[in-house]
2 protein chains.
Amino acid sequence: MFPVLYAVFMSSVLPPFPQPQEPVDPPRLLEVEPGPGEPCLRADAARNRARLLEAAARLIAEHGVAGVTMEAVAAAAQVGKGTVFRRFGDRTGLLMALLDHSGRQLQADFLGGPPPLGPGAPPLERLRAFGVAVLYRSAEQLELQLAAQPEPTRRYAHPAYQALRTHVVMLLRQILPDGDCDLLSHPLMAYLDPGLIHHLTRQRGMPMERLETGWTDLVARVTGTEPPR
Amino acid sequence: MFPVLYAVFMSSVLPPFPQPQEPVDPPRLLEVEPGPGEPCLRADAARNRARLLEAAARLIAEHGVAGVTMEAVAAAAQVGKGTVFRRFGDRTGLLMALLDHSGRQLQADFLGGPPPLGPGAPPLERLRAFGVAVLYRSAEQLELQLAAQPEPTRRYAHPAYQALRTHVVMLLRQILPDGDCDLLSHPLMAYLDPGLIHHLTRQRGMPMERLETGWTDLVARVTGTEPPR
DNA sequence: CAACTAAACGGACCTCGGTCCGGATCGTAT
DNA sequence: ATACGATCCGGACCGAGGTCCGTTTAGTTG
């Protein structure tokens with residue numbers, strides 16, 4: 001539960017990142033900068049947002065994700081139920097917000113961190129590293145990742161998903177200038193789906209090492225390159 | 001809506017296929033034979049099952065999948081709400097039951113139908129044909145397929161999913177005796193996910209033809225074979 | 001045909017996600 | 001300091017999925 005609490009800690013201490021309001025689209029992972037034009041939250045709203053995230057993290061630690069009821073969170077944060085929904089849109093939005101910190105971290109790593117994840121390494125190596133990173137990140141927060149999954153209709157259009165996939169597409173284009181990288185990115189992303197990881201590791205007892213070599217194998221096949229070593 | 005109604009028609013006229021009771025696992029697509037030991041439904045139960053499926057199909061035709069409320073279905077079938085849940089376990093189970101007919105049809109086709117889908121053709125061709133068949137079947141019943149999706153925790157373990165995946169694994173093993181076909185099957189299956197098809201065709205406006213060539217391309221890459229023509 | 005049992009039935013009931021709107025509050029302009 | 005409008009708050013309310021359990025009924029046995 002440490003990662004969650006840490007994320008929340010950061011969320012409450014750093015200047016609150018405004019959550020979009022109108023058609024509440026969850027944490028836009030792509031914009032690293034809050035942007036100057038972003039409508040900043042009112043003081044009370046920001047305070048309540050932090051308290052809600054903290055309360056949610058506490059509930060997860062105590063009763064698991066299933067214990068994160070919108071009413072329970074509201075009560076634990078001593079806030080009205082409506083407030084939770086206004087801030088996060090829906091339950092999924094709240095859960096995604098809890099994952100926001102590690103998501104930004106990951107994105108920062110592959111956008112500007114050190115190789116092989118970040119720029120500098122050849123794209124094929126970056127792609128391998130990317131998969132491994134996502135794999136382990138998901139495995140660490142499996143329960144939360146599973147619960148935060150949006151319904152299938154919105155999943156693929158969701159900013160958080162798109163952010164990751166866009167990166168895969170970029171790398172693929174460098175490796176396969178002539179391939180339909182937009183399409184090819186999907187089976188690659190699917191291999192990293194938290195639901196699949198859950199199934200393979202928890203329900204079928206596969207060790208993470210096998211998933212890892214499975215990823216490099218898949219990457220090699222899809223890109224038509226030689227597997228490493 | 002024709003396919004749904006047809007499926008229901010068949011379901012009501014043919015001897016009712018017993019739905020497992022205890023830990024309600026949805027239509028086991030793999031068993032073509034009801035089996036002799038199967039606990040047959042009581043007469044009234046079978047009658048109500050048929051009425052419920054018919055009512056559900058009618059509701060879909062009239063108000064779309066969103067109109068399929070468990071209470072609405074119960075009322076339309078002039079049956080108690082508890083009966084719906086006893087028979088189908090949950091909403092997903094009911095929706096899956098509506099897809100049961102086309103699912104069995106598909107399975108029969110690739111298990112015992114004519115080539116290239118059925119046995120007789122080389123495994124690579126069968127795999128290509130399989131993907132195309134699943135692709136178009138999903139596209140036809142997209143709305144229902146989407147709504148019938150189980151939650152991510154159960155999805156990969158679900159019999160209906162396993163039935164299809166097992167077939168892919170079998171074909172893959174014939175093509176790649178040395179590959180980790182169990183793992184490789186997953187990204188292939190993922191490409192055929194109704195949610196993805198919905199996203200690509202409805203939200204991003206891709207024509208089915210592109211998805212189709214995308215499939216053959218993916219198969220060629222994963223199997224390390226030459227794309228056809 | 002009567003008795004009996006396992007199965008099925010039905011609908012009240014519970015929980016939880018999500019909506020709504022009158023009232024309180026913050027930030028600002030004067 | 002005061003007034004004002006945009007924003008936010010809270011909790012009553014609603015709908016739908018899912019559970020429970022007392023009652024009914026189908027099928028079987030003697």
Side-chain angles (χ1 to χ4, degrees), chain A residues 16 18-24 26 38-52 55-56 59-60 63-97 147-151 153-154, chain B residues 16 18-24 26 38-52 55-56 59-60 63-97 147-151 153-154:
Chain A
Q19 216 70 20
Q21 231 56 236
E22 274 314 302
V24 180
E38 285 287 350
C40 195
L41 285 186
R42 231 169 68 172
D44 51 350
R47 174 179 48 86
N48 283 341
R49 181 178 191 279
R51 292 170 65 172
L52 283 167
L59 284 178
I60 288 186
H63 310 111
V65 175
V68 181
T69 287
M70 295 307 257
E71 266 188 46
V73 174
Q78 290 181 303
V79 142
K81 194 175 169 185
T83 304
V84 191
F85 283 94
R86 172 154 352 78
R87 195 57 51 209
F88 299 101
D90 57 12
R91 201 180 110 103
T92 297
L94 172 61
L95 264 21
M96 296 280 303
Q149 208 103 112
E151 40 179 342
T153 340
R154 299 191 192 149
Chain B
Q19 217 70 18
Q21 231 55 238
E22 276 315 302
V24 180
E38 287 287 348
C40 196
L41 284 187
R42 230 168 68 172
D44 51 350
R47 174 179 46 86
N48 283 340
R49 181 177 192 280
R51 294 171 64 173
L52 283 167
L59 283 179
I60 287 186
H63 309 112
V65 175
V68 180
T69 287
M70 295 307 258
E71 265 188 49
V73 173
Q78 290 181 302
V79 143
K81 195 177 169 183
T83 304
V84 191
F85 283 93
R86 170 190 336 291
R87 195 55 51 209
F88 300 102
D90 57 11
R91 201 180 110 103
T92 297
L94 171 61
L95 264 22
M96 296 282 301
Q149 208 103 113
E151 39 180 344
T153 339
R154 298 191 192 148

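Below, read A as the first sequence line, B as the second, and so on, with proteins coming before strands; counting in each chain starts at 1.
- Distance, B:Arg86 CZ to C:dG11 P: 13 Å, rounded to whole Å.
- Around the CZ atom of A:Arg154, the shell of radius 6.0 Å holds no more than 12 heavy atoms that belong to other residues, nucleotides or ligands.
- As rounded to whole Å, 14 Å separates atom P of D:dG18 from atom CZ of B:Phe88.
- How far CG of A:Leu95 is from CD of A:Gln149: 11.0 Å, rounded to the nearest 0.5 Å.
- Comparing A:Val68 and A:Arg47 by the nucleotide of DNA chain C that holds the closest heavy atom to each, the one mapping nearer the 5' end is A:Val68.
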As a quick check of understanding, evaluate side chain to side chain contact (heavy atoms under 4.5 Å, CB included) for B:Glu151 and B:Thr92, giving each step before the final call. CA-CA 9 Å; B:Glu151 39 180 344; B:Thr92 297; over 6 Å; no
CA sep, side-chain torsions, deciding dist, call: A:Leu52, A:Arg49, side chain to side chain contact (heavy atoms under 4.5 Å, CB included): CA-CA 5 Å; A:Leu52 283 167; A:Arg49 181 178 191 279; 5.7 Å; no
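- One interatomic measurement links the two molecules: CG of B:Asp44 to P of D:dG27, which rounds to 7 Å at whole-angstrom precision.
- Using a 4.0 Å heavy-atom criterion, one finds that A:Arg91 contacts the sugar-phosphate atoms exclusively.
- Following rounding to the nearest Å, B:Leu59 (CG) and D:dA16 (P) show an atom-to-atom distance of 12 Å.
- Straight-line distance from the CG atom of B:Leu41 to the P atom of C:dA8: 6 Å, rounded to whole Å.
- For the pair A:Phe85 CZ and D:dG11 C1', the interatomic distance rounds to 13 Å; values are reported in whole Å.
- Between A:His63 atom NE2 and C:dT15 atom C1' the separation is 16 Å, expressed in whole Å.
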Do A:Leu41 and A:Arg87 pass the side chain to side chain contact (heavy atoms under 4.5 Å, CB included) test, and can you show the C-alpha distance, the side-chain angles, and the key distance before you say yes or no? CA-CA 10 Å; A:Leu41 285 186; A:Arg87 195 57 51 209; 3.1 Å; yes
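- Residue-to-nucleotide proximity on DNA chain D shows that, of B:Ala43 and B:Ala66, the 5′-proximal contact is made by B:Ala66.
- For D:dG10, the OP1/OP2 oxygens have a side-chain nitrogen or oxygen of A:Thr83 closer than 4.0 Å.
- Put simply, CD on B:Glu71 and NZ on B:Lys81 are 4.0 Å apart, with the number rounded to the nearest 0.5 Å.
- At the phosphate of D:dC9, OP1 or OP2 sits under 4.0 Å from a side-chain N or O atom of A:Asn48.
- Against DNA chain D, the stretch residues 69-77 of chain B makes heavy-atom approaches under 4.0 Å through B:Thr69, B:Met70.
- Nearest-nucleotide assignment on DNA chain D puts the 5′-proximal partner with A:Gly80, out of A:Gly80 and B:Lys81.
- Here C:dG18 is the nucleotide among D:dG18, C:dG10, C:dG18 with the atom lying nearest to any side-chain atom of A:Asp90.
- For C:dC9, one of the phosphate oxygens OP1 or OP2 lies less than 4.0 angstrom from a side-chain nitrogen or oxygen of B:Arg87.
- Scanning atom types as modelled, one donor and one acceptor separated by under 3.5 angstrom connect the side chain of B:Arg42 and the base of C:dA7.
- Note that OG1 of B:Thr83 is 12.5 Å distant from CD of B:Gln78, once rounded to the nearest 0.5 Å.
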